[in-house]
Each structure stands twice: as C-alpha cells, then as structure tokens.
Amino acid sequence: MTIIEDKFLPSHFVNRYEDITVEFLKAHNISAVMTDLDNTLVAFDEADADDNVLKWIQSLEASNIKLLILSNGRHERVKAFAEPHGIDYIDSARKPMLANFHKGLKLLGTKKKNTVMVGDQLMTDVLGANRVGIKSVLVIPVKEKDGWATYLNRRIERVIMKYFKKKNMITWED
Ligand SMILES: [Mg+2]
C-alpha cells in the first residue's frame, strides 16, 4: 500500500449518508457511527437537521447503533444542530488530529473495529479515521460549495481522488 492509500483511502464510497443503512452497517460489523456534520448530513450553511436526517438517526437508534457527531464546526453551530434532537456531539474537533477521535471512541464505548467515521472530506474525516485505525465511509458533499476553510483541502483532495480513479480504487456502493 502506498502512503496515499494508507492515509486517504476510505473503506467505502457511497453517494450519501442515507446509503449507510442499518443493513450496510450490520454487514460490516459496525455498532457505532461517528459522523461529520457539514456537507455530510446537511449543507455546511444549513442550521437544522431535516426530516431525512432525523429518520436516518432514528433507524440507527432503533437497531442499537450508536451515533456521535464529530465536527470541526464551531460550538454554537454544532450544538444548535444536535442538541434539540438529543444527538451526542463533539464540536471544534480539529480533525484529522487524533485527540477527538479517541475521545469519540471513549464516548461511544465501542471497539475501533466496530466503529466507522462518515464524512465528505478525505483531508479531515478519512485521514483522521485511517490514522486512528477505524473504518471510514466517504460521501459526496451535500452542497458543492464549502466554507472558506475547506478550499485548500478540496484542491488537494481532487489530486488524491484522481490518483484513486486512475488506480481503479473507487467503487461506489449503495
Ligand atoms: Mg464536512
């Protein structure tokens, strides 16, 4: 495995978070989901959870799959999204730094091999997951536009995605 694959290749590629069904998770022995917020569950500039997000979260809950939002977003933003629905969260996570991945694993109380990170960015969500040693699912960003802080990450990401494409490593699942 090259360094690029080792650091940035997600375990799975899917179109959107809704493709990560209970069946999908069970088939891969996953009992806990850490998920990014911005451009993974809703657009980065969308404040509230919509019905589809809530439906997805309820389906996980109903199957005893634990959920935690792990977001680099600001405290006020993440809290306003998660708290009204009783979703556990860590804000200002500084992904791909490892500290909050470890904190998240502790909160979830699950083993690394049974935990997955869901996100729309290779440079934060997938890199962090690979470094800490959990599985990862890359989704297509909800909205093409990002916050300004993501601009450089996206440029690097395009180069890495091109590499994966060239090596035929991208297999979309649904
Ligand atoms: Mg994101």
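Counting begins at 1 with the first residue of the sequence. Just so you know, ligand 1 is whichever comes first in the structure, and atom 1 is the first atom listed for that ligand.
Each of Thr35, Ile90, Asp88 was scored for a side-chain contact (heavy atoms from CB on, under 4.5 Å) with Leu70, with one residue passing: Ile90. Lys143 pairs with exactly one of Asn39, Asp38, Asp120, Asp45 by the side chain to side chain donor-acceptor pair (under 3.5 Å) rule, that one being Asp45. When each of Asp48, Asp91, Leu41 is paired with Phe81, the side-chain contact (heavy atoms from CB on, under 4.5 Å) condition holds for Leu41 and for no other.
Under the ring pair (Phe, Tyr, Trp, His ring centres under 6.0 Å) criterion, His28 pairs with His12, Phe24, not counting sequence neighbours.
For the Mg ion (ligand 1), the set of protein N/O/S atoms nearer than 2.8 Å consists of Asp36 OD2, Asp38 O, Asp120 OD1, ordered by chain and number.
Around the CE atom of Met161, the shell of radius 6.0 Å holds more than 12 heavy atoms that belong to other residues, nucleotides or ligands.
Ion pairing of Lys26 with Glu23 is absent here, as no side-chain N (NZ or NE/NH1/NH2) approaches a carboxylate O to less than 4.0 Å.
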